[in-house]
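A short worksheet on the structure shown next.
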Amino acid sequence: MSTLDPPLAEIHRRVLTWYASAGRDLPWREPGCTPWGVFVSEVMSQQTPVARVEPAWSAWMRRWPTPADLAADSPGEAVRMWDRLGYPRRALRLHAAATAMVERHGGQVPADEEALLALPGVGAYTAAAVATFAYGIRTTVVDTNIRRVHARLVTGDALPAATLTRAESSLATSLLPEDDAEAATWNVAAMELGALVCTARSPRCAACPVEDLCAWRRAGSPAYDGPARRGQAWADTDRQVRGRLMALLRESPDPVAASDLAAAWPADEAKRERCLASLIEDGLVEPVGDSSYRLPA
DNA sequence: CACTCGTGGAA
DNA sequence: TTTCCAAGAGT
């Protein structure tokens with residue numbers, strides 16, 4: 001554990017100042033936003049770019065302003081409203097989380113990180129993010145943006161490792177400001193720096209408030225030299241087929257006939273049937289009668 | 001721990 | 001056109 005030079009306080013000051021002027025005015029960052037609004041924004045933002053989340057979040061919050069409002073509706077409606085944000089199991093889990101809030105937390109988003117972690121669809125990142133952004137609690141947030149900022153600024157690597165390491169987590173904790181409010185702002189500011197400036201591809205170092213302090217820049221911006229990162233295949237994968245089937249089911253207010261689902265992926269019947277079965281297993285689809293299907297009621 | 005799970009925009 | 005990858009979670 002080495003002492004940073006220059007002092008951490010200087011990094012904090014510069015990044016917080018940068019964030020105050022360059023941070024985006026996202027609706028869930030407004031002072032009046034409810035913890036539920038923050039919670040929804042965090043779940044929607046898991047693996048989905050903010051630009052696509054923003055309109056979806058607004059529509060969602062208009063329809064279901066509280067956890068109880070969502071819990072009172074069907075999981076299928078949540079999946080339909082999720083539309084094309086991707087990974088629709090998140091919609092199912094968000095609905096289940098709302099139900100848990102009603103049943104176990106008086107209809108409120110819990111402030112305790114432990115309780116948050118117990119909710120469906122909430123992992124280490126989301127629990128910390130909701131605790132700090134909705135409730136101002138001083139806790140360590142580690143997302144892909146923050147990992148990349150730390151990798152470059154402190155460690156001197158072009159990119160972080162493929163999976164989160166213990167060293168990264170303890171580094172993030174060691175960088176956290178002591179003050180509660182400042183820690184919360186630091187968390188969002190570091191994420192924002194990674195999202196807008198310290199990006200994965202072609203970072204905009206000229207716009208970075210800490211470029212002269214960056215270990216990676218000081219080392220001459222060496223290229224990534226870790227193990228090859230395997231890209232996500234898409235064509236002919238189960239994910240593509242599931243997506244095709246879900247699109248049909250979302251668009252139809254009525255149950256969809258098996259023959260219509262078959263037409264959505266005629267090339268490989270076995271694969272199609274397997275995907276439909278997995279969607280049913282996941283609770284994203286339910287059979288109606290003998291040969292039609294719908295989103296869960 | 002490695003793998004799966006959607007979608008679409010930008011390089 | 002192809003490739004990359006974006007506020008991760010669950011198994």
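A note on names: the letters A, B, ... follow the listed sequences, proteins ahead of strands, and every chain is numbered from 1.
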query = Hey, does W82(A) reach any base, or is it just sugar-phosphate, or nothing, if we go heavy atoms under 4.0 Å?
reply = nothing
message = Let me spell it out: for each of G243(A) and S202(A), pick the nucleotide of DNA chain B with the closest heavy atom. Which residue's pick is nearer the 5' end?
response = G243(A)
note = By nearest-heavy-atom nucleotide on DNA chain C, the more 5' of R89(A) and T48(A) is T48(A)
ask   = Looking across every strand, which nucleic acid part, if any, lies under 4.0 Å from T237(A) by heavy atom: base, sugar-phosphate, or nothing?
value = nothing
ask   = Heavy atoms under 4.0 Å, any strand shown: does L117(A) hit a base, just sugar-phosphate, or nothing?
value = nothing
task = Please state the C1' separation for the pair dG8(B) and dG10(C) - nearest whole angstrom.
result = 24 Å
message = Under 4.0 Å, counting only non-hydrogen atoms across every strand here, what does V43(A) touch: a base, just sugar-phosphate, or nothing?
response = nothing
request  = With side chain to side chain contact (heavy atoms under 4.5 Å, CB included) as the test, would you mind laying out the steps for R14(A) and L213(A) before giving the verdict?
outcome  = CA-CA 11 Å; R14(A) 289 204 212 168; L213(A) 308 178; 3.8 Å; yes
Spacing between Q46(A) atom CD and dA9(C) atom P, to the nearest angstrom = 5 Å
key: Check: R52(A) side chain, dT7(B) base, donor-acceptor under 3.5 Å   = yes
query = Base, sugar-phosphate, or nothing for R230(A), non-hydrogen atoms under 4.0 angstrom?
reply = sugar-phosphate
request  = Report the distance from atom CZ of R229(A) to atom P of dA2(B), rounded to the nearest whole Å.
outcome  = 13 Å
The single option from R93(A), R242(A), R90(A) passing salt bridge (Lys or Arg N to Asp or Glu O under 4.0 Å) against D282(A) = R242(A)
ask   = Using a cut-off of less than 4.0 Å, is there contact between a side-chain N or O of R90(A) and OP1 or OP2 of dC5(B)?
value = no
ask   = Expressed in whole Å, how much space separates the P atoms belonging to dC3(B) and dA7(C)?
value = 23 Å
query = Phosphate oxygens OP1/OP2 of dG8(B): is one of them under 4.0 Å from a side-chain N or O of R84(A)?
reply = yes
remark   = By nearest-heavy-atom nucleotide on DNA chain C, the more 5' of L119(A) and R24(A) is R24(A)
query = Parallel, tilted or perpendicular: which describes the rings of W36(A) and F39(A), with under 30° parallel and over 60° perpendicular?
reply = parallel
Proximity to the side chain of W234(A) - top-ranked nucleotide from dT7(B), dC5(B), dA9(C) = dT7(B)
inquiry  = How many whole angstroms separate atom CD of E42(A) from atom P of dA7(C)?
reply    = 11 Å
query = NA contact type, A162(A), heavy-atom cut-off 4.0 Å: base, sugar-phosphate, or nothing?
reply = nothing
message = Less than 4.0 angstrom between a side-chain N/O of R250(A) and OP1 or OP2 of dT7(B), yes or no?
response = yes
ask   = What nucleic acid atoms does L85(A) come within less than 4.0 Å of, heavy atoms only: base, sugar-phosphate, or nothing?
value = base
task = Go through the N and O atoms of the side chain of S45(A) and the base of dG8(C), and report whether any donor-acceptor pair is under 3.5 Å.
result = no
message = Check this for me: E286(A), atom CD, are more than 12 non-hydrogen atoms of other residues, nucleotides or ligands nearer than 6.0 Å?
response = yes
remark   = Atom CG of L196(A) and atom P of dC5(C) are separated, to the nearest Å, by 17 Å
task = Determine whether the side chains of D157(A) and W216(A) contain a donor N or O and an acceptor N or O closer than 3.5 Å.
result = no
task = Could you check whether D282(A) gets within reach of a base, just the sugar-phosphate, or nothing at all, counting any heavy atom under 4.0 Å?
result = nothing
task = With heavy atoms under 4.0 Å as the rule, sort A51(A) into base, sugar-phosphate or nothing.
result = nothing
task = Look at all strands and tell whether A129(A) reaches a base, only sugar-phosphate, or nothing, counting heavy atoms closer than 4.0 Å.
result = nothing
ask   = Out of dA6(C), dG6(B), dG10(C), which nucleotide sits closest to the side chain of R93(A)?
value = dG10(C)
ask   = Can you tell me how far the NE2 atom of H12(A) sits from the OG1 atom of T17(A), to the nearest 0.5 Å?
value = 12.0 Å
ask   = Under 3.5 Å, is there a donor-acceptor pair between the side chain of R80(A) and the main chain of S252(A)?
value = yes
task = In whole angstrom, give the distance that lies between atom CG of L94(A) and atom P of dG8(C).
result = 16 Å
message = Classify G123(A) by what it touches in the nucleic acid, base, sugar-phosphate, or nothing, heavy-atom distance under 4.0 Å.
response = sugar-phosphate
message = Can you check the distance between dG6(B) and dT11(C), where both ends of the measurement are the P atom (answer in whole Å)?
response = 14 Å
key: Rounded interatomic separation in angstrom, taking CD from Q232(A) and C1' from dG9(B)   = 14 Å
task = Would you kindly give the CZ-to-C1' distance between F39(A) and dG8(C), to the nearest whole Å?
result = 13 Å
query = Rounded to the Å, how far apart are Y87(A) OH and dG6(B) C1'?
reply = 6 Å
